[in-house]
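Below you'll find the structure, written out as C-alpha coordinates, and then a few comments.
Numbering of ligands and ligand atoms starts at 1, following listing order.
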Amino acid sequence: MSGTNETQALGRDRIRKLFDLRSSYNAVSGGDFTDDPYPVWHELRERAVVHEGTVHELTGVHRPLRFQGLPLPDRPHFSVFGYAALDEIYRNSEVFSSSEGDTDPNSTAVANSMLSMDGTRHRRYRALVQPSFVPARAQWWITNWIQHTVHNLIDGFAEEGRAELNVDFCAAIPVLTITGSFGVPVEQALDVREALHNPAEVVAMLAPIVAARRESPQDDLISVLTQAELKDDDGTTHRLSDAEIYSFALLLLFAGSGTTWKQMGITITALLQRPDLLRAVNEDRSLLRPAIEEALRWMPTDPMFSRHVTRDTDFHGTHLPAGSVVHLCLGSANRDPARWERPDEYDITRRMKASFAFGGGPHVCLGMHVARAEIRIGIEALLDRLPNLRLDPDRDQPRFIGMYERGVTEIPVVFG
Ligand code: HEM
(Lines give C-alpha, C1' and ligand atoms only; values in the text may rest on other atoms or scores of the structure.)
Protein backbone atom coordinates (compact mmCIF):
# COMPACT_ATOMS: atom_id res chain seq x y z
CA MET A 1 0.00 0.00 0.00
CA SER A 2 1.44 3.41 -0.90
CA GLY A 3 2.01 6.05 1.74
CA THR A 4 -0.82 8.27 0.55
CA ASN A 5 -3.22 5.37 0.68
CA GLU A 6 -1.97 4.35 4.08
CA THR A 7 -2.60 7.82 5.47
CA GLN A 8 -5.99 7.87 3.75
CA ALA A 9 -6.85 4.46 5.14
CA LEU A 10 -6.17 5.83 8.60
CA GLY A 11 -8.19 8.99 7.98
CA ARG A 12 -6.52 12.23 8.99
CA ASP A 13 -9.60 13.59 10.78
CA ARG A 14 -9.95 10.47 12.84
CA ILE A 15 -6.26 10.56 13.73
CA ARG A 16 -6.63 14.20 14.73
CA LYS A 17 -9.55 13.45 17.04
CA LEU A 18 -7.79 10.56 18.71
CA PHE A 19 -4.41 12.17 18.91
CA ASP A 20 -5.10 15.81 19.70
CA LEU A 21 -4.15 16.18 23.34
CA ARG A 22 -6.65 19.03 23.63
CA SER A 23 -9.64 16.91 22.57
CA SER A 24 -12.16 15.73 25.15
CA TYR A 25 -10.88 12.22 24.52
CA ASN A 26 -7.62 13.10 26.23
CA ALA A 27 -8.89 15.61 28.80
CA VAL A 28 -9.38 12.90 31.44
CA SER A 29 -5.64 12.74 32.00
CA GLY A 30 -5.20 16.51 31.88
CA GLY A 31 -4.31 16.79 28.19
CA ASP A 32 -5.72 20.32 28.17
CA PHE A 33 -3.30 21.57 30.88
CA THR A 34 -1.27 24.33 29.21
CA ASP A 35 0.97 25.74 31.98
CA ASP A 36 4.61 24.82 32.48
CA PRO A 37 4.50 22.54 35.57
CA TYR A 38 8.25 22.49 36.13
CA PRO A 39 8.62 25.73 38.17
CA VAL A 40 5.98 24.44 40.64
CA TRP A 41 7.68 21.05 40.84
CA HIS A 42 11.03 22.73 41.58
CA GLU A 43 9.41 24.63 44.48
CA LEU A 44 7.73 21.52 45.83
CA ARG A 45 10.97 19.53 45.65
CA GLU A 46 12.87 22.28 47.44
CA ARG A 47 10.25 22.43 50.24
CA ALA A 48 9.96 18.71 51.10
CA VAL A 49 10.64 15.21 49.81
CA VAL A 50 7.05 14.05 50.31
CA HIS A 51 3.88 16.13 49.97
CA GLU A 52 0.34 15.19 50.81
CA GLY A 53 -1.95 15.21 47.75
CA THR A 54 -1.78 14.20 44.11
CA VAL A 55 0.70 15.68 41.64
CA HIS A 56 -2.03 17.48 39.69
CA GLU A 57 -3.62 19.01 42.81
CA LEU A 58 -0.22 20.14 44.02
CA THR A 59 0.38 21.63 40.55
CA GLY A 60 -2.89 23.59 40.74
CA VAL A 61 -5.37 21.36 38.85
CA HIS A 62 -8.38 20.81 41.07
CA ARG A 63 -10.55 18.41 39.15
CA PRO A 64 -10.41 14.63 39.18
CA LEU A 65 -8.06 13.16 36.58
CA ARG A 66 -7.66 9.58 35.49
CA PHE A 67 -4.31 7.89 35.20
CA GLN A 68 -2.56 4.92 36.75
CA GLY A 69 -3.29 5.14 40.54
CA LEU A 70 -6.05 7.75 40.05
CA PRO A 71 -8.62 8.82 41.02
CA LEU A 72 -9.15 6.37 44.00
CA PRO A 73 -10.92 9.08 46.05
CA ASP A 74 -11.22 6.98 49.22
CA ARG A 75 -7.44 6.59 49.69
CA PRO A 76 -4.87 8.98 51.17
CA HIS A 77 -2.57 10.34 48.42
CA PHE A 78 1.04 11.48 48.63
CA SER A 79 3.50 12.71 45.98
CA VAL A 80 7.29 12.51 45.78
CA PHE A 81 9.40 14.88 43.66
CA GLY A 82 13.14 14.14 44.12
CA TYR A 83 15.39 11.75 42.22
CA ALA A 84 16.96 9.92 45.20
CA ALA A 85 13.60 9.38 46.91
CA LEU A 86 12.08 7.99 43.73
CA ASP A 87 15.02 5.66 43.37
CA GLU A 88 14.37 4.31 46.89
CA ILE A 89 10.72 3.69 46.02
CA TYR A 90 11.47 1.95 42.72
CA ARG A 91 13.89 -0.37 44.54
CA ASN A 92 11.44 -1.33 47.26
CA SER A 93 8.48 -2.97 45.58
CA GLU A 94 7.58 -4.87 48.75
CA VAL A 95 6.46 -1.68 50.44
CA PHE A 96 5.68 0.31 47.28
CA SER A 97 3.63 -2.11 45.25
CA SER A 98 2.33 -1.79 41.69
CA SER A 99 -0.75 -3.74 42.65
CA GLU A 100 -3.88 -2.04 43.91
CA GLY A 101 -5.18 -5.40 45.11
CA ASP A 102 -5.49 -8.91 43.72
CA THR A 103 -5.43 -9.24 39.94
CA ASP A 104 -7.98 -11.44 38.19
CA PRO A 105 -6.42 -13.85 35.64
CA ASN A 106 -9.71 -14.12 33.72
CA SER A 107 -10.01 -10.42 33.09
CA THR A 108 -8.50 -8.69 30.07
CA ALA A 109 -8.36 -5.28 31.77
CA VAL A 110 -5.01 -3.49 31.78
CA ALA A 111 -5.42 -3.21 35.56
CA ASN A 112 -4.95 -6.99 35.60
CA SER A 113 -1.87 -7.02 33.39
CA MET A 114 1.72 -7.32 34.54
CA LEU A 115 1.84 -3.54 35.02
CA SER A 116 -0.21 -4.23 38.17
CA MET A 117 1.51 -7.42 39.34
CA ASP A 118 4.29 -7.85 41.87
CA GLY A 119 7.16 -10.16 42.74
CA THR A 120 7.45 -13.63 41.25
CA ARG A 121 4.22 -13.44 39.31
CA HIS A 122 5.30 -10.22 37.64
CA ARG A 123 8.73 -11.67 36.83
CA ARG A 124 7.21 -14.76 35.22
CA TYR A 125 4.84 -12.83 33.01
CA ARG A 126 7.45 -10.31 32.02
CA ALA A 127 9.98 -13.05 31.23
CA LEU A 128 7.58 -14.49 28.64
CA VAL A 129 7.85 -11.50 26.37
CA GLN A 130 11.11 -9.91 27.44
CA PRO A 131 13.05 -11.72 24.65
CA SER A 132 11.03 -9.81 22.03
CA PHE A 133 11.95 -6.47 23.61
CA VAL A 134 15.69 -6.70 24.31
CA PRO A 135 18.05 -4.27 22.49
CA ALA A 136 19.21 -7.03 20.11
CA ARG A 137 15.61 -7.47 18.99
CA ALA A 138 15.19 -3.78 18.01
CA GLN A 139 16.25 -4.64 14.46
CA TRP A 140 13.38 -7.17 14.20
CA TRP A 141 10.94 -4.37 14.95
CA ILE A 142 12.72 -1.94 12.62
CA THR A 143 12.85 -4.29 9.63
CA ASN A 144 9.38 -5.77 10.01
CA TRP A 145 7.31 -2.72 10.94
CA ILE A 146 9.05 0.56 11.77
CA GLN A 147 11.02 1.27 8.60
CA HIS A 148 8.11 0.54 6.29
CA THR A 149 5.65 2.59 8.35
CA VAL A 150 7.93 5.61 8.61
CA HIS A 151 8.65 5.76 4.87
CA ASN A 152 5.03 5.21 3.87
CA LEU A 153 3.95 8.09 6.05
CA ILE A 154 6.62 10.40 4.59
CA ASP A 155 5.55 9.36 1.05
CA GLY A 156 2.16 10.83 1.98
CA PHE A 157 3.49 14.40 2.35
CA ALA A 158 7.01 14.50 0.82
CA GLU A 159 5.76 16.17 -2.38
CA GLU A 160 3.74 18.84 -0.56
CA GLY A 161 6.64 20.88 0.81
CA ARG A 162 4.87 21.17 4.16
CA ALA A 163 3.43 18.85 6.79
CA GLU A 164 2.06 18.63 10.31
CA LEU A 165 4.35 16.11 11.93
CA ASN A 166 2.71 15.62 15.31
CA VAL A 167 -0.41 13.87 14.11
CA ASP A 168 0.38 12.86 10.55
CA PHE A 169 3.73 11.34 11.45
CA CYS A 170 4.54 10.88 15.15
CA ALA A 171 1.08 9.69 16.21
CA ALA A 172 0.71 7.14 13.47
CA ILE A 173 4.09 5.37 13.82
CA PRO A 174 3.66 3.58 17.15
CA VAL A 175 0.05 2.56 16.51
CA LEU A 176 0.99 1.08 13.16
CA THR A 177 4.08 -0.60 14.63
CA ILE A 178 2.22 -2.31 17.46
CA THR A 179 -0.88 -3.26 15.51
CA GLY A 180 1.41 -4.42 12.70
CA SER A 181 3.29 -6.65 15.16
CA PHE A 182 -0.09 -8.13 16.15
CA GLY A 183 -0.96 -8.85 12.52
CA VAL A 184 -3.81 -6.29 12.45
CA PRO A 185 -4.33 -4.82 8.94
CA VAL A 186 -3.56 -1.09 8.53
CA GLU A 187 -7.23 -0.35 7.80
CA GLN A 188 -8.14 -1.59 11.28
CA ALA A 189 -5.30 0.05 13.17
CA LEU A 190 -7.29 3.09 14.24
CA ASP A 191 -10.35 1.00 15.14
CA VAL A 192 -8.09 -0.75 17.60
CA ARG A 193 -6.75 2.49 19.03
CA GLU A 194 -10.23 4.04 19.24
CA ALA A 195 -11.59 0.97 21.01
CA LEU A 196 -8.93 1.09 23.70
CA HIS A 197 -11.44 2.38 26.23
CA ASN A 198 -13.73 -0.48 25.36
CA PRO A 199 -11.51 -3.55 25.63
CA ALA A 200 -14.24 -5.96 24.49
CA GLU A 201 -14.09 -4.38 21.03
CA VAL A 202 -10.31 -4.78 20.81
CA VAL A 203 -10.67 -8.38 21.91
CA ALA A 204 -13.22 -8.98 19.14
CA MET A 205 -10.71 -7.64 16.59
CA LEU A 206 -7.83 -9.70 17.97
CA ALA A 207 -9.75 -12.96 18.48
CA PRO A 208 -9.53 -14.21 14.86
CA ILE A 209 -5.79 -13.38 14.76
CA VAL A 210 -5.10 -15.24 18.01
CA ALA A 211 -7.06 -18.27 16.74
CA ALA A 212 -5.16 -18.23 13.43
CA ARG A 213 -1.73 -17.94 15.11
CA ARG A 214 -2.54 -20.82 17.46
CA GLU A 215 -3.11 -22.92 14.31
CA SER A 216 -0.06 -21.69 12.43
CA PRO A 217 2.41 -19.35 14.13
CA GLN A 218 4.10 -16.57 12.14
CA ASP A 219 7.00 -14.21 12.81
CA ASP A 220 4.97 -11.75 14.89
CA LEU A 221 4.16 -10.86 18.47
CA ILE A 222 0.80 -12.60 18.78
CA SER A 223 2.55 -15.80 17.69
CA VAL A 224 5.15 -15.23 20.43
CA LEU A 225 2.29 -14.96 22.93
CA THR A 226 0.43 -18.05 21.67
CA GLN A 227 3.65 -20.09 21.93
CA ALA A 228 4.74 -18.75 25.31
CA GLU A 229 4.67 -21.11 28.27
CA LEU A 230 4.06 -19.77 31.75
CA LYS A 231 5.49 -21.57 34.76
CA ASP A 232 2.97 -22.02 37.59
CA ASP A 233 3.71 -22.12 41.33
CA ASP A 234 3.80 -25.93 41.34
CA GLY A 235 6.45 -25.98 38.60
CA THR A 236 4.10 -27.08 35.82
CA THR A 237 3.75 -24.93 32.72
CA HIS A 238 0.75 -23.77 30.75
CA ARG A 239 0.23 -21.93 27.49
CA LEU A 240 -1.27 -18.47 27.92
CA SER A 241 -5.07 -18.43 27.87
CA ASP A 242 -6.87 -16.20 25.37
CA ALA A 243 -7.71 -13.80 28.22
CA GLU A 244 -4.04 -13.57 29.21
CA ILE A 245 -3.04 -12.86 25.60
CA TYR A 246 -5.70 -10.14 25.19
CA SER A 247 -4.71 -8.52 28.46
CA PHE A 248 -1.10 -8.46 27.35
CA ALA A 249 -1.96 -7.10 23.91
CA LEU A 250 -4.08 -4.37 25.48
CA LEU A 251 -1.26 -3.41 27.80
CA LEU A 252 1.14 -3.07 24.87
CA LEU A 253 -1.32 -0.96 22.92
CA PHE A 254 -2.04 1.17 25.92
CA ALA A 255 1.55 1.57 27.06
CA GLY A 256 3.22 1.78 23.68
CA SER A 257 1.18 3.90 21.31
CA GLY A 258 0.39 7.21 23.02
CA THR A 259 3.70 7.40 24.83
CA THR A 260 6.02 6.99 21.87
CA TRP A 261 3.93 9.33 19.73
CA LYS A 262 4.22 12.17 22.24
CA GLN A 263 7.85 11.56 23.11
CA MET A 264 8.77 11.63 19.43
CA GLY A 265 6.87 14.91 19.02
CA ILE A 266 8.66 16.39 22.03
CA THR A 267 12.07 15.36 20.64
CA ILE A 268 11.39 16.68 17.13
CA THR A 269 10.08 19.96 18.55
CA ALA A 270 13.10 20.41 20.83
CA LEU A 271 15.34 20.05 17.75
CA LEU A 272 13.27 22.22 15.39
CA GLN A 273 13.24 24.99 17.98
CA ARG A 274 17.06 24.93 17.91
CA PRO A 275 17.94 25.10 14.19
CA ASP A 276 21.71 25.05 14.83
CA LEU A 277 21.37 21.91 16.88
CA LEU A 278 19.14 20.30 14.25
CA ARG A 279 21.78 21.06 11.64
CA ALA A 280 24.49 19.53 13.84
CA VAL A 281 22.40 16.37 14.34
CA ASN A 282 21.73 16.18 10.61
CA GLU A 283 25.44 16.34 9.88
CA ASP A 284 26.50 13.95 12.64
CA ARG A 285 23.83 11.34 13.19
CA SER A 286 25.61 9.95 16.25
CA LEU A 287 24.18 13.02 18.04
CA LEU A 288 20.68 11.69 17.58
CA ARG A 289 21.02 9.25 20.46
CA PRO A 290 21.92 11.91 23.06
CA ALA A 291 19.23 14.17 21.55
CA ILE A 292 16.62 11.46 22.20
CA GLU A 293 17.91 10.59 25.69
CA GLU A 294 18.08 14.25 26.71
CA ALA A 295 14.50 14.82 25.53
CA LEU A 296 13.43 11.84 27.64
CA ARG A 297 15.08 13.40 30.68
CA TRP A 298 14.05 16.98 30.00
CA MET A 299 10.43 16.31 29.08
CA PRO A 300 9.18 12.75 29.64
CA THR A 301 5.72 12.35 28.17
CA ASP A 302 4.35 10.59 31.26
CA PRO A 303 5.77 12.51 34.22
CA MET A 304 3.97 10.49 36.90
CA PHE A 305 3.33 6.85 37.86
CA SER A 306 1.97 5.52 41.14
CA ARG A 307 2.62 2.87 43.76
CA HIS A 308 0.46 1.43 46.55
CA VAL A 309 1.80 1.36 50.11
CA THR A 310 1.54 -2.19 51.49
CA ARG A 311 2.27 -1.45 55.18
CA ASP A 312 2.51 1.54 57.49
CA THR A 313 5.79 3.25 56.63
CA ASP A 314 7.68 6.36 57.63
CA PHE A 315 9.28 7.85 54.55
CA HIS A 316 11.48 10.95 54.85
CA GLY A 317 9.58 12.16 57.90
CA THR A 318 6.08 11.54 56.53
CA HIS A 319 3.86 8.74 57.77
CA LEU A 320 2.42 6.76 54.86
CA PRO A 321 -0.43 4.55 56.06
CA ALA A 322 -0.94 1.11 54.50
CA GLY A 323 -3.34 1.46 51.57
CA SER A 324 -2.26 4.95 50.61
CA VAL A 325 -1.20 5.84 47.09
CA VAL A 326 2.21 7.38 46.40
CA HIS A 327 2.63 9.30 43.16
CA LEU A 328 6.14 9.35 41.72
CA CYS A 329 6.70 12.60 39.89
CA LEU A 330 9.44 11.37 37.61
CA GLY A 331 9.18 14.56 35.54
CA SER A 332 10.38 16.48 38.57
CA ALA A 333 13.00 13.84 39.48
CA ASN A 334 14.41 14.15 35.96
CA ARG A 335 15.17 17.81 36.66
CA ASP A 336 16.52 17.37 40.16
CA PRO A 337 19.49 19.78 40.46
CA ALA A 338 21.10 17.31 42.87
CA ARG A 339 21.66 15.05 39.85
CA TRP A 340 21.82 17.40 36.85
CA GLU A 341 23.35 20.86 36.54
CA ARG A 342 21.16 23.45 34.78
CA PRO A 343 18.36 20.85 34.77
CA ASP A 344 15.87 23.00 32.84
CA GLU A 345 18.16 23.24 29.83
CA TYR A 346 17.81 20.86 26.90
CA ASP A 347 21.51 20.17 26.46
CA ILE A 348 22.52 17.14 24.39
CA THR A 349 26.18 17.55 25.29
CA ARG A 350 25.69 16.85 28.98
CA ARG A 351 27.19 13.62 30.33
CA MET A 352 24.50 11.00 29.91
CA LYS A 353 23.09 9.60 33.15
CA ALA A 354 20.08 7.34 33.53
CA SER A 355 16.82 9.24 33.99
CA PHE A 356 13.41 7.93 35.06
CA ALA A 357 11.60 8.63 31.77
CA PHE A 358 11.04 4.89 31.40
CA GLY A 359 10.52 4.35 35.14
CA GLY A 360 12.82 2.18 37.22
CA GLY A 361 13.02 -1.09 39.15
CA PRO A 362 11.27 -4.29 38.08
CA HIS A 363 8.57 -2.45 36.09
CA VAL A 364 10.99 -0.36 34.02
CA CYS A 365 9.44 0.13 30.59
CA LEU A 366 9.39 -3.12 28.66
CA GLY A 367 9.13 -1.31 25.34
CA MET A 368 11.92 1.23 25.82
CA HIS A 369 14.18 -0.14 23.09
CA VAL A 370 11.30 -0.32 20.64
CA ALA A 371 10.34 3.26 21.53
CA ARG A 372 13.90 4.47 21.06
CA ALA A 373 14.11 2.66 17.71
CA GLU A 374 10.85 4.23 16.52
CA ILE A 375 11.97 7.72 17.47
CA ARG A 376 15.43 7.29 15.95
CA ILE A 377 14.29 5.72 12.69
CA GLY A 378 11.50 8.30 12.40
CA ILE A 379 13.79 11.31 12.84
CA GLU A 380 16.52 9.84 10.64
CA ALA A 381 14.03 9.32 7.82
CA LEU A 382 12.74 12.90 8.15
CA LEU A 383 16.28 14.25 7.95
CA ASP A 384 17.16 11.98 5.02
CA ARG A 385 14.12 12.80 2.96
CA LEU A 386 13.04 16.37 3.80
CA PRO A 387 15.91 18.79 3.05
CA ASN A 388 16.10 22.03 5.00
CA LEU A 389 13.41 20.89 7.43
CA ARG A 390 12.20 23.77 9.61
CA LEU A 391 9.18 25.03 11.56
CA ASP A 392 6.58 26.76 9.38
CA PRO A 393 6.88 30.45 10.37
CA ASP A 394 3.34 31.18 9.13
CA ARG A 395 1.60 28.75 11.46
CA ASP A 396 1.04 28.55 15.23
CA GLN A 397 4.27 27.34 16.81
CA PRO A 398 4.29 24.07 18.78
CA ARG A 399 3.56 24.37 22.48
CA PHE A 400 4.19 21.77 25.19
CA ILE A 401 0.97 20.90 27.00
CA GLY A 402 -0.55 18.15 29.18
CA MET A 403 -0.43 17.06 32.81
CA TYR A 404 -0.03 13.27 32.93
CA GLU A 405 0.29 12.86 29.18
CA ARG A 406 2.55 15.59 27.96
CA GLY A 407 3.20 16.36 24.34
CA VAL A 408 3.01 19.11 21.74
CA THR A 409 0.05 20.84 20.17
CA GLU A 410 1.10 20.70 16.53
CA ILE A 411 4.37 20.59 14.62
CA PRO A 412 3.85 22.48 11.34
CA VAL A 413 6.95 22.24 9.16
CA VAL A 414 8.13 23.30 5.72
CA PHE A 415 10.99 21.80 3.74
CA GLY A 416 12.69 21.84 0.36
C1 HEM B 1 8.81 6.93 24.75
C2 HEM B 1 7.88 6.03 24.94
C3 HEM B 1 7.58 5.37 26.25
C4 HEM B 1 7.65 5.86 27.52
C5 HEM B 1 8.09 7.27 27.96
C6 HEM B 1 7.26 4.79 28.42
C7 HEM B 1 7.25 4.88 29.81
C8 HEM B 1 6.99 3.82 30.67
C9 HEM B 1 7.11 3.89 32.11
C10 HEM B 1 7.50 5.14 32.91
C11 HEM B 1 6.80 2.67 32.59
C12 HEM B 1 6.82 2.24 34.07
C13 HEM B 1 5.45 2.31 34.70
C14 HEM B 1 5.49 2.05 36.19
O15 HEM B 1 6.55 2.21 36.80
O16 HEM B 1 4.43 1.75 36.78
C17 HEM B 1 6.48 1.81 31.48
C18 HEM B 1 6.10 0.50 31.56
C19 HEM B 1 5.76 -0.27 30.47
N20 HEM B 1 5.88 0.07 29.15
FE21 HEM B 1 6.54 1.82 28.40
N22 HEM B 1 6.95 3.68 27.68
C23 HEM B 1 7.14 3.98 26.35
C24 HEM B 1 6.98 3.14 25.27
C25 HEM B 1 6.57 1.83 25.34
C26 HEM B 1 6.40 0.95 24.22
C27 HEM B 1 6.69 1.30 22.76
C28 HEM B 1 5.92 -0.24 24.71
C29 HEM B 1 5.58 -1.51 24.01
C30 HEM B 1 5.72 -1.77 22.74
C31 HEM B 1 5.82 -0.10 26.15
C32 HEM B 1 5.41 -1.09 27.01
C33 HEM B 1 5.45 -1.00 28.38
C34 HEM B 1 5.04 -2.09 29.26
C35 HEM B 1 4.51 -3.45 28.83
C36 HEM B 1 5.23 -1.64 30.58
C37 HEM B 1 4.95 -2.40 31.87
C38 HEM B 1 6.20 -3.12 32.29
C39 HEM B 1 6.02 -3.87 33.60
O40 HEM B 1 5.01 -3.66 34.30
O41 HEM B 1 6.92 -4.66 33.92
N42 HEM B 1 6.22 1.17 26.50
N43 HEM B 1 6.63 2.55 30.31
Side-chain angles (χ1 to χ4, degrees), residues 67-70 80 86-87 89-91 93 96-100 103 110-119 121-130 132-134 137-138 140-142 145-146 170-171 173-182 221 224-225 247-268 292-293 295-308 325-331 333-334 354-379 402 404-407:
F67 202 67
Q68 191 215 27
L70 288 169
V80 178
L86 249 65
D87 196 40
I89 294 176
Y90 278 130
R91 286 167 192 275
S93 44
F96 300 102
S97 159
S98 292
S99 171
E100 197 185 310
T103 47
V110 168
N112 290 300
S113 71
M114 70 170 165
L115 187 62
S116 314
M117 294 176 188
D118 278 321
R121 185 143 177 266
H122 170 256
R123 261 196 309 282
R124 283 183 190 150
Y125 270 85
R126 188 166 164 127
L128 286 182
V129 282
Q130 184 92 33
S132 299
F133 289 90
V134 294
R137 207 62 175 139
W140 181 69
W141 288 86
I142 292 171
W145 300 289
I146 302 173
C170 302
I173 294 168
V175 173
L176 291 173
T177 301
I178 297 180
T179 51
S181 79
F182 290 170
L221 207 61
V224 170
L225 294 173
S247 158
F248 194 79
L250 280 163
L251 170 65
L252 288 181
L253 277 165
F254 220 78
S257 47
T259 44
T260 312
W261 150 46
K262 284 168 282 161
Q263 196 67 45
M264 190 181 308
I266 288 168
T267 313
I268 292 175
I292 293 168
E293 295 306 311
L296 282 158
R297 178 199 71 81
W298 177 70
M299 194 149 329
T301 173
D302 291 345
M304 187 285 283
F305 277 92
S306 310
R307 292 293 184 264
H308 302 272
V325 191
V326 177
H327 303 285
L328 283 60
C329 188
L330 56 94
N334 276 5
S355 83
F356 283 138
F358 289 118
H363 287 272
V364 70
C365 179
L366 177 76
M368 62 185 167
H369 303 298
V370 178
R372 286 178 168 126
E374 287 175 299
I375 298 173
R376 180 172 60 79
I377 299 295
I379 299 179
Y404 293 139
E405 298 184 36
R406 292 186 60 71

Aromatic plane relationship, Phe305 with Phe67 - under 30° parallel, 30 to 60° tilted, over 60° perpendicular: tilted

Do any N or O atoms from the side chain of [X] and from the backbone of [Y] form a donor-acceptor pair under 3.5 angstrom?
X      : Y      : answer
Trp141 : Val370 : no
His363 : Met117 : yes
Thr301 : Arg406 : yes

Please report which non-hydrogen protein atom sits nearest to [atom], along with the residue it belongs to and the distance in Å to one decimal place.
atom                    : value
atom 7 (C) of ligand 1  : Ala357 O, 3.7 Å
atom 24 (C) of ligand 1 : Thr259 OG1, 3.4 Å
atom 39 (C) of ligand 1 : His363 ND1, 3.3 Å
atom 11 (C) of ligand 1 : Phe358 O, 3.9 Å
atom 20 (N) of ligand 1 : Cys365 SG, 3.2 Å
atom 1 (C) of ligand 1  : Gln263 CB, 3.5 Å
atom 30 (C) of ligand 1 : Phe133 CE2, 3.7 Å
atom 26 (C) of ligand 1 : Gly256 CA, 3.3 Å

Candidates Leu70, Leu328, Leu330 - the one meeting side-chain contact (heavy atoms from CB on, under 4.5 Å) with Met304: Leu70

contact_flag Pro174 ligand 1 heavy-atom lt 4.0 Å: no

Ligand 1 contacted by Asp302 (non-hydrogen, < 4.0 Å): no

Is [X] in polar range of ligand 1, meaning some N or O pair under 3.5 Å apart?
X      : answer
Arg126 : yes
Gln68  : yes
Ser306 : no
His122 : yes

Ile292 CD1 to Met264 CE distance, which is reported to the nearest 0.5 Å: 8.5 Å

Using a 4.0 Å heavy-atom cut-off, say whether [X] meets ligand 1 through its side chain, its backbone, both or neither.
X      : result
Ser257 : neither
Arg307 : side chain
Leu251 : side chain

Numbered atoms and elements of ligand 1 in range of Met114, under 4.0 angstrom, heavy atoms: 35 (C), 40 (O)

